[in-house]
Amino acid sequence: MSPAPHPPKPVPRPDKVSLLRYLQLFRRDILSAQPARLYRAWMAEFRTPFFRSYLCNDPKLVDLVLKQRPRDFPKSDRIREGLRPLLGNSVFVTNGEVWERQRRIIDPAFEGGRLRDTFPAMWAAGRALLARLQPKATGAALEIEFETSHAAADVIFRTLFSIPIEDETAGAVFHEFRAHQKAQPVLNLGALLPLPDWVPRFHRPQTRRTARRIRSLIAGLTTARASAIAAGTAPDDLATKILTFPDPQTGACFDTEEMVDQVAIFFLAGHETSASALAWALYLLTTHPDWQDRLAAEARDCLPDTDAAPDFATLGRLKQTRAVFREAMRLYPPVPMMVREARCPVRLRDRDVAPGAQIVLSPWHLHRHERLWDNPDTFDPARFDTENGRQALREAYIPFSTGPRVCPGAGFAMAEGPLLLAMILQRFRLTPVEGRIPVPVAHLTVRARDGIWLHLTPRA
Ligand code: HEM
């Protein structure tokens with residue numbers, strides 16, 4: 001048997017290009033706009049007439065920026081600008097006291113105990129996904145990113161608002177969202193490419209239109225929920241939990257407008273990312289049938305084939321499935337890069353960094369760093385049992401970021417991803433579609449340029 005191919009990786013740009021060429025490449029795709037040396041560098045500086053940015057791969061620097069001194073490296077206002085039409089003042093874009101208050105209210109909803117409560121809704125979404133896939137498991141080529149997006153959106157609506165994606169409003173949000181992404185595919189571009197302040201920034205009319213529609217649909221759901229809470233008829237789901245949880249410091253709950261901002265980011269951050277990770281994991285399994293068989297056996301041993309959800313503890317038994325999901329996020333971190341702004345002068349390694357400089361943390365490069373990982377471009381879920389894998393996992397693995405701004409949905413996503421993966425593998429066999437090797441590009445999340453295609457057939 002020939003060895004499995006290396007998972008696809010974008011072709012890096014030549015080391016030296018003009019600024020104009022860089023901007024052109026950047027606009028097309030952030031990943032292929034970077035030179036190969038970033039996979040070996042501890043730190044890299046980019047100088048342009050307008051801005052300086054520093055990509056930090058040294059684990060000590062990542063630790064400094066995200067964990068030790070996060071207040072000195074806040075999110076830049078440019079991020080807010082790019083995301084404002086859709087996200088308003090959501091926790092993803094705020095800083096300082098506003099952000100701290102938002103996290104005090106949101107975090108408890110995602111703690112372990114609450115996660116257990118959401119499990120039946122995740123299971124129901126998984127069963128609905130299997131029902132949608134069943135008629136498509138004919139061996140014909142299937143674009144799986146659409147299916148994983150659909151499933152992840154379903155998980156969010158079921159866990160947040162106790163409604164399935166078939167609900168009229170939920171379905172409308174999902175479809176509007178796809179339109180929104182088409183109108184503004186690289187949502188963070190403005191943030192990653194700081195232009196001088198005098199350059200006007202426009203949101204395309206379609207971006208503003210779709211954002212308005214999404215927010216008005218979410219506002220409808222949130223207002224209805226606030227009324228149900230007042231009437232004592234609200235289900236005990238994440239939306240109710242968040243809307244009724246008073247800030248432990250001030251005693252005040254979110255008002256409806258604030259909640260709309262947060263629901264928008266839960267939907268955006270919670271479904272795009274999980275969908276991306278799941279789709280890449282499924283693709284990697286098409287090219288690694290040995291791992292696929294192992295996971296199918298694990299799923300058969302652990303999961304019932306019933307609509308009734310098993311015990312939450314079942315999740316803990318999906319060990320190999322979790323390792324595959326983790327490895328898929330190493331190779332294809334759904335959020336490929338994060339940007340912060342230096343608030344005060346700071347010395348990073350041997351360089352003096354001025355206030356206003358952009359600090360780029362790149363899970364994409366860190367997860368494939370040649371000096372930190374053995375065989376970084378190989379798919380090897382067993383690596384996490386090796387000494388190198390364990391060390392790199394601690395120092396150089398940040399798919400959910402780290403520090404106080406770590407993703408509040410990390411535990412949720414690590415339940416959802418392996419669960420849906422196991423449910424799919426229990427039922428179906430996956431094989432690659434000849435000639436359709438996905439090309440990774442950084443849109444809002446790391447996606448495949450022309451989708452991720454595979455064949456699905458029922459497992460005997
Ligand atoms: C595989 C799935 C996921 C991945 C890889 C992921 C990754 C991330 C990353 C890297 C950040 C930090 C971004 C930055 O600082 O610039 C983040 C923030 C966030 N994520 Fe996730 N996420 C996932 C799923 C979820 C889910 C399921 C939810 C909620 C339902 C969620 C909600 C959020 C929120 C609200 C933030 C903003 C936190 C803050 O800035 O304080 N994410 N996520």
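We count ligands from 1, going down the list as the structure has it; atoms in each ligand are counted the same way. Scope of the values below: all heavy atoms of this structure, side chains included, with no hydrogens, waters or symmetry mates.
Counting only heavy atoms from C-beta outward, the side chains of Pro310 and Phe119 approach each other to under 4.5 Å. Using a 4.5 Å heavy-atom threshold, the side chains of Arg405 and Trp99 count as touching. In this structure, the side chains of Thr287 and Phe379 stay at 4.5 Å or more apart for every pair of heavy atoms.
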At less than 3.5 Å, what protein N or O atoms come close to the N or O atoms of ligand 1? Include the distances to 0.1 Å.
unit_1   : atom_1 : unit_2 : atom_2 : d
ligand 1 : 15 (O) : Arg340 : NH1    : 3.4
ligand 1 : 15 (O) : Arg340 : NH2    : 2.8
ligand 1 : 16 (O) : Lys75  : NZ     : 3.1
ligand 1 : 16 (O) : Arg340 : NH1    : 3.4
ligand 1 : 40 (O) : Val91  : O      : 3.4
ligand 1 : 40 (O) : Arg405 : NE     : 2.9
ligand 1 : 40 (O) : Arg405 : NH2    : 3.2
ligand 1 : 41 (O) : Trp99  : NE1    : 2.7
ligand 1 : 41 (O) : Arg103 : NH1    : 2.7

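Tested against Asp237 for a salt bridge (charged side-chain N to carboxylate O under 4.0 Å, His left out), the candidates Arg158, Arg225, Arg114 yield a single pass: Arg225.
Figure legend: cation-pi geometry between Arg326 and Phe384, with NZ or CZ positioned under 6.0 Å from the six-membered ring centre and within 45° of its axis. For the pair Arg368 and Trp373, the cation-pi test (distance below 6.0 Å, angle within 45°) is failed.
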